[in-house]
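Accompanying notes for the structure given below.
All values below come from the heavy atoms of this structure, side chains included, with hydrogens, waters and symmetry mates left out.
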Amino acid sequence: MPKTEGLTGETGPAPGTAARPPAHEPIEVSIVMPCLNEVDTLAACIERAQRALREQNIVGEVIVADNGSTDGSPEIAQGLGARLVHVAVQGYGSALMGGIAAARGKFVIMGDADQSYDFLEVPKFVEKLRAGADLVQGCRLPAAGGQIMPQAMPFLHRWWGNPMFSLMARWWFRAPIHDIYCGLRGFRKDFQAGLNQRCLGMEFATEMIIKSSLHGGRMAEVAITLHRDGRKAHAPHLKTFRDGWRTLRFFLLCSPRWLFLMPGALLVLLGLIGYAVALPGVSLQGVTFDVHTLLFASLFLICGYQSILFAIFTKTFAINERLLPADPRFTQFFKIVNLERGLVIASLALLMGIGLLLLAVNQWRLAGFGRLDYAHTMRLVIPGATLTALGFQTVLSSFFVSILDIKRK
């Protein structure tokens, strides 16, 4: 009997291979393995996954999401009775998306096919999912009970990258996890579908953690053991600095607060302090703060205010495009600060700014349009120019945010 290939790119197993559950029997667990030339390790991973399901009497299936292997990996998957799903778009996240979409189980367990994870630990994830968790994250780090076998994790990954990004996930997104990069994890398929994941590369795994936390998912963690990669044909797909930067970039893009709002607020604070000491010409321990300090303070204010505006733009766009979940605090903010109130505030700033500039021009007139005392005149010109710029920015920004918010309304 020839092999059959469906519209989804799924290929059925050859005759005589391990049988899958009958079509009428509901599948509880789908184990999804992304695969790109894993001929050295794929068979062992599939066999251990099947053994875990069999020994624990879990009705499940093993899915190999192949991302263009040319080394015979697809044939190995079929020969062992795994479902083979062909995913044409390249990328770790893309392969997982294809495998997850094809999964028939209520729960999905994803894990790399390089023998670094022991699929006999799958029942621990299933237990947590049955208890009500939406996402169960594996933890390889000893800090949360995990174990890393010798030479299983590069030095920089273990002591710098992974702990740093895991700490950022807990701090920035309140994700209760200690090993954000662990690729062995389980989740409810319907919950993951609601996350609307977009990343096609290695950051797919971190995107899942961040969005799960932002969506208020019930998250749990189980300690696992990381084994040394069993591949011999090629090096690991993960690239330390490339994928580290992509993770940091994604963290920042998912957090307008830390990318724009907090730096902007800091700059505005520095600008206000500068104004407080420069306008009256305060001297401290022989240091006099004059108009040059005022100019720097204005620069801080303008840049900081622009950064805060970008935080509002980004958050509005991300919520409307479902990149981030709706935020009640943000909704309340728009009830208070709407287009009309923004324009009123902008008009007041423009009037004050233009008024100060006109006062400076009048002083120049009184001086016969000759030379001026700049230490005095610039105390009018700099605040006037700053208020005018801030007012003009506010007018444009008020209309721009209203345009971004049309879809949400």
Look only at the side chain of Arg83 and the backbone of Glu61, and say whether a donor-acceptor pair between them is shorter than 3.5 Å.
no
Step by step, would you call Lys335 with Thr331 a side chain to side chain contact (heavy atoms under 4.5 Å, CB included)?
CA-CA 7 Å; Lys335 288 181 179 178; Thr331 303; 4.2 Å; yes
Work out which heavy atom in Gln90 is nearest to a heavy atom in Leu36; give both atom names and the distance.
OE1-CD2, 4.4 Å
Side chain proximity check, Thr247 to Tyr181, heavy atoms < 4.5 angstrom:
yes
Looking at Arg249, I'd like to know if its CZ atom is crowded, meaning that more than 12 non-hydrogen atoms belonging to other residues, nucleotides or ligands lie closer than 6.0 Å.
yes
Does the side chain of Pro256 reach to within under 4.5 Å of the side chain of Leu324, using non-hydrogen atoms?
yes
Check whether any side-chain heavy atom of Leu184 lies under 4.5 Å from a side-chain heavy atom of Asp112, and answer yes or no.
no
Surrounding NZ of Lys128 (heavy atoms of other residues, nucleotides or ligands, distance under 6.0 Å), is the total greater than 12?
no
Sorted by chain and number, sequence neighbours left out, ring pair (Phe, Tyr, Trp, His ring centres under 6.0 Å) with Phe313 holds for Phe310, Phe400
Contact summary for Ala113 and Pro34, nearest pair of heavy atoms:
CB-O, 3.9 Å
Between atom CD1 of Ile345 and atom CG of Leu390, what is the distance when rounded to the nearest 0.5 Å?
12.0 Å
Can you list everything that forms a side chain to side chain contact (heavy atoms under 4.5 Å, CB included) with Asn338? Sequence neighbours excluded, please.
Glu340, Arg341
Pair up each side-chain donor or acceptor in residues 259-276 with any protein partner under 3.5 Å, not counting sequence neighbours, and list the distances.
from: Tyr275; atom 1: OH; to: Ser298; atom 2: OG; distance (Å): 2.6
from: Tyr275; atom 1: OH; to: Thr386; atom 2: OG1; distance (Å): 3.4

Stepwise, does the side chain to side chain contact (heavy atoms under 4.5 Å, CB included) test hold for Val222 with Glu127?
CA-CA 10 Å; Val222 296; Glu127 180 183 358; over 6 Å; no
Side chains of Val395 and Leu350: does their closest heavy-atom pair fall under 4.5 Å?
yes
Within this structure, what is the SG-CG distance for the pair Cys139 and Leu226, rounded to the nearest 0.5 Å?
11.0 Å
Is any side-chain heavy atom of Cys254 closer than 4.5 Å to a side-chain heavy atom of Trp172?
no
Distance col, row Thr394:OG1 vs Phe399:CZ, nearest 0.5 angstrom, shows 12.0 Å
Quick one: list whatever passes salt bridge (Lys or Arg N to Asp or Glu O under 4.0 Å) with Asp118, sequence neighbours left out.
Arg48
Side-chain (Thr388) to main-chain (Gly384) donor-acceptor, under 3.5 angstrom
yes
List, one per line, each side-chain donor-acceptor pair under 3.5 Å for residues 289-297, sequence neighbours excluded.
from: Asp290; atom 1: OD1; to: Arg379; atom 2: NH1; distance (Å): 3.0
from: Asp290; atom 1: OD1; to: Arg379; atom 2: NH2; distance (Å): 3.1

Any idea which heavy atoms bring His157 and Pro163 closest together, and the distance?
O-CD, 3.6 Å
Can you list, pair by pair, the side-chain donor-acceptor contacts under 3.5 Å of residues 144-152, counting residues two or more places apart and other chains?
from: Gln151; atom 1: OE1; to: Arg228; atom 2: NH1; distance (Å): 2.7

In short, Ile63 meets Ser30 closest at the heavy-atom pair CD1-CB, 4.3 Å
I'd like to know if the side chain of Thr316 reaches the main chain of Leu404, judged simply by a donor and an acceptor atom lying under 3.5 Å from each other, with no hydrogens or angles considered.
no
If you round to the nearest 0.5 Å, how far is CD1 of Ile27 from NZ of Lys106?
14.0 Å
Evaluate the ring planes of Phe333 and Phe330, with Trp represented by its six-membered ring, and classify them as parallel (under 30°), tilted (30 to 60°) or perpendicular (over 60°).
parallel
Pairwise side chain to side chain donor-acceptor pair (under 3.5 Å) hits with a residue in residues 250-260, at least two apart
none
For Thr288, enumerate each residue passing the side chain to side chain donor-acceptor pair (under 3.5 Å) test, keeping only those at least two apart in sequence or located in another chain.
Ser283
Return the CD1 to SG distance between Ile308 and Cys303, rounded to the nearest 0.5 Å.
11.5 Å
Indicate yes or no for a side-chain donor-acceptor contact from Lys189 to the backbone of Ala103 under 3.5 Å, with no hydrogens or angles considered.
yes
Donor-acceptor pairs are to be reported for all side-chain atoms of residues 51-59 against protein atoms at under 3.5 Å, with residues two or more places apart or in another chain.
from: Arg51; atom 1: NE; to: Glu55; atom 2: OE2; distance (Å): 2.7

Using a 3.5 Å distance criterion without hydrogens, assess whether the side chain of Asp134 forms a donor-acceptor pair with backbone atoms of Arg188.
no
Test log, rule side chain to side chain contact (heavy atoms under 4.5 Å, CB included), inputs Arg185 and Ile209:
CA-CA 10 Å; Arg185 64 186 66 179; Ile209 295 291; 3.6 Å; yes
When rounded to the nearest 0.5 angstrom, what distance separates CD1 in Ile224 from OH in Tyr117?
6.0 Å
Given side chains that start at C-beta, do those of Leu358 and Ile354 come closer than 4.5 Å, heavy atoms only?
yes
List the steps and the verdict of side chain to side chain contact (heavy atoms under 4.5 Å, CB included) for Ile180 and Phe173.
CA-CA 12 Å; Ile180 194 167; Phe173 304 103; over 6 Å; no
Who passes side chain to side chain donor-acceptor pair (under 3.5 Å) against Lys124, sequence neighbours left out?
Glu121
Distance-only donor-acceptor hits, side chain of residues 191-204, under 3.5 Å, sequence neighbours excluded:
from: Gln192; atom 1: NE2; to: Gln197; atom 2: OE1; distance (Å): 3.0
from: Asn196; atom 1: ND2; to: Arg322; atom 2: O; distance (Å): 3.4
from: Gln197; atom 1: NE2; to: Phe204; atom 2: O; distance (Å): 3.0
from: Gln197; atom 1: NE2; to: Glu207; atom 2: OE1; distance (Å): 3.4
from: Arg198; atom 1: NH2; to: Glu321; atom 2: O; distance (Å): 2.9
from: Glu203; atom 1: OE1; to: Arg246; atom 2: NE; distance (Å): 3.3
from: Glu203; atom 1: OE1; to: Arg246; atom 2: NH2; distance (Å): 3.3
from: Glu203; atom 1: OE2; to: Arg246; atom 2: NH2; distance (Å): 3.4

Out of the candidates Val87, Val85, Asn37, only one should pair with Asn67 under the side chain to side chain contact (heavy atoms under 4.5 Å, CB included) rule; please name it.
Val87
Donor-acceptor contact below 3.5 Å, side chain Ser73 vs main chain Val39
yes
Measure the shortest side-chain to side-chain distance between Gln137 and Met208 over non-hydrogen atoms and say whether it is less than 4.5 angstrom.
no
How about CD on Gln363, more than 12 heavy atoms from neighbouring residues, nucleotides or ligands closer than 6.0 Å, or not?
yes
Shortest non-hydrogen contact from Asp179 to Glu221?
N-OE2, 3.8 Å
Heavy-atom pair of closest approach, residues Cys45 and Gln115
SG-N, 3.5 Å
Who passes salt bridge (Lys or Arg N to Asp or Glu O under 4.0 Å) against Asp66, sequence neighbours left out?
none
Hey, does Met110 have a side-chain heavy atom less than 4.5 Å from the side chain of Phe187?
yes
